[in-house]
Amino acid sequence: MLYYLFRFLEQYDIPGSHMWMYISFRSLAALILSLIISAWFGEKFIVYMKRRNISEVQRDASIDPFGVQKKNVPSMGGIIILVSILVPILLFGRMRNIYLLLMIGTTVWLGFLGFLDDYIKIIKKNKDGLSPKLKIIGQVVIGLIVGLTLWASPDAKINETITTEQVEGKTIVTHKSQSEKSLMTTIPFVKNHNLDYSKAFSFMGKYKNAAGWLLFVIITILVVTAVSNGANLNDGMDGMCAGNSAIIGVALGILAYVSSHIEYAAYLNIMYIPGSQELVVFLCAFIGAMIGFLWYNAYPAQVFMGDTGSLMIGGVIGVCAVIIHKELLLPILCGIFFVESLSVIIQTSYFKYKLRKGQRVRIFRATPIHDNFRKLDKDLDPTSRFILKNWPQRQFHESKITVRFWITTIILAALTIITLKIR
């Protein structure tokens, strides 16, 4: 809103109005405002929730090996994150940008989906919450909407690389002068960086492009669903999900910025995506909201984000990666999320397999994998055998586990960016 106001005022030479044309100014303004909102609104929200006695099911001391009891801690803190993202975006974003609209839609939709789950658990006192089937349907719907919009919208275009030349030892990259619809995506560790989905259907002749777009939509659905659930599983320790997501947001912000700048895109030999600079504004608000939320969510937590936050966070990350054609980098960038999900899948599948043979055997001490590092022997199921019972040999404080997961995500984020130069 303010962007259009100051763009109007610029024609009257109002001092400072031209600054609103710069992505750097609007991005930093969104970051600062989201931090302020999350700090101010977060305190008000916590006081309100405690006054109304609205809190997550009480946790006993056994969940913390060091005896810290977390009782009557308000949940649904994802509302703080939602407000801290949406207010700065509505003020500083260009609302006619198709990519920004998709990000806002994803934030609101998955935030609402998570809110329903939290509402059923906390307000209605039904610990089962929203059924897993409805959650998956909600994630699939937003993935489908995003995929189809990027397919159909005339504004969702890129400038592909057409030539790569070596001149005096330097790589000179030339992009097409006209933006066009494309099924190209960035793939790591490959010389030319790009993969064309339609090439998988070359045997279909003139229908290969339509088949490629269908594959793109399916991949979008899978990415949004997988990352959303991964972030949801990662939200099990104080500050864990918020810290990891802030780091991932920084990496995505860098990728979005270089993709929106034709010279940087040429230097890195990646696709130039006009309009993707608005994602930088969104991601700065996202990062500010995550860091601001840590003010209250860091150990020991004063508020939990609940599914209102975690489902939305993963969806936002997935959609942003798809928009900038970097979805195939997510297994690296969101490695922590995928390992969390994989640990649950392996544990559940193996336990069911052994149970059919009359044996109660588990692989890990606990899943998602972060719980494996803090589970005490006395808390393990005495009727089950654990293959990795002695890994780790001692338990860690959850704050140490959280920080080590953050460090791992920093390494993965750096590796993700480095892949653009590793060919």
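Note: hydrogens, waters and symmetry copies are ignored here, and every other heavy atom, side chains too, is used. As the structure is a computational prediction, the values presented were derived from the model and not from experiment.
- Ring planes of W151 and W213: parallel class, angle under 30° (limits at 30 and 60°).
- For residues 221-252, no residue pair satisfies the ring-ring contact (aromatic ring centres under 6.0 Å, His included) rule, not counting sequence neighbours.
- The closest side-chain heavy-atom distance from L380 to K375 is below 4.5 Å.
- For W40, there are no ring-ring contact (aromatic ring centres under 6.0 Å, His included) partners, not counting sequence neighbours.
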Exercise for the section: Under the side-chain contact (heavy atoms from CB on, under 4.5 Å) rule, what do Y299 and T402 come out as? Steps first, then yes or no, please. Expected result: CA-CA 9 Å; Y299 181 89; T402 296; over 6 Å; no
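- Residue pairs meeting the ring-ring contact (aromatic ring centres under 6.0 Å, His included) criterion with at least one member in residues 72-113, sequence neighbours excluded, are W20-F92.
- Of the charged side-chain nitrogens involved, at least one lies within less than 4.0 Å of a carboxylate oxygen, so that R365 and D377 count as a salt-bridged pair.
- Side-chain N or O atoms of D117 include one that pairs as donor or acceptor with a backbone N or O of L130 at under 3.5 Å.
- Legend: ring-ring contact (aromatic ring centres under 6.0 Å, His included) pairs involving residues 359-387, not counting sequence neighbours, sorted by first then second residue: F373-W391.
- Here ring-ring contact (aromatic ring centres under 6.0 Å, His included) pairs that include residues 221-243, with residues two or more places apart or in two chains, number zero.
- Below 30°, between 30° and 60°, or above 60°: for F41 and F45 the angle between ring planes is between 30° and 60°, a tilted geometry.
- For K157, the salt bridge (charged side-chain N to carboxylate O under 4.0 Å, His left out) criterion is met by no residue, not counting sequence neighbours.
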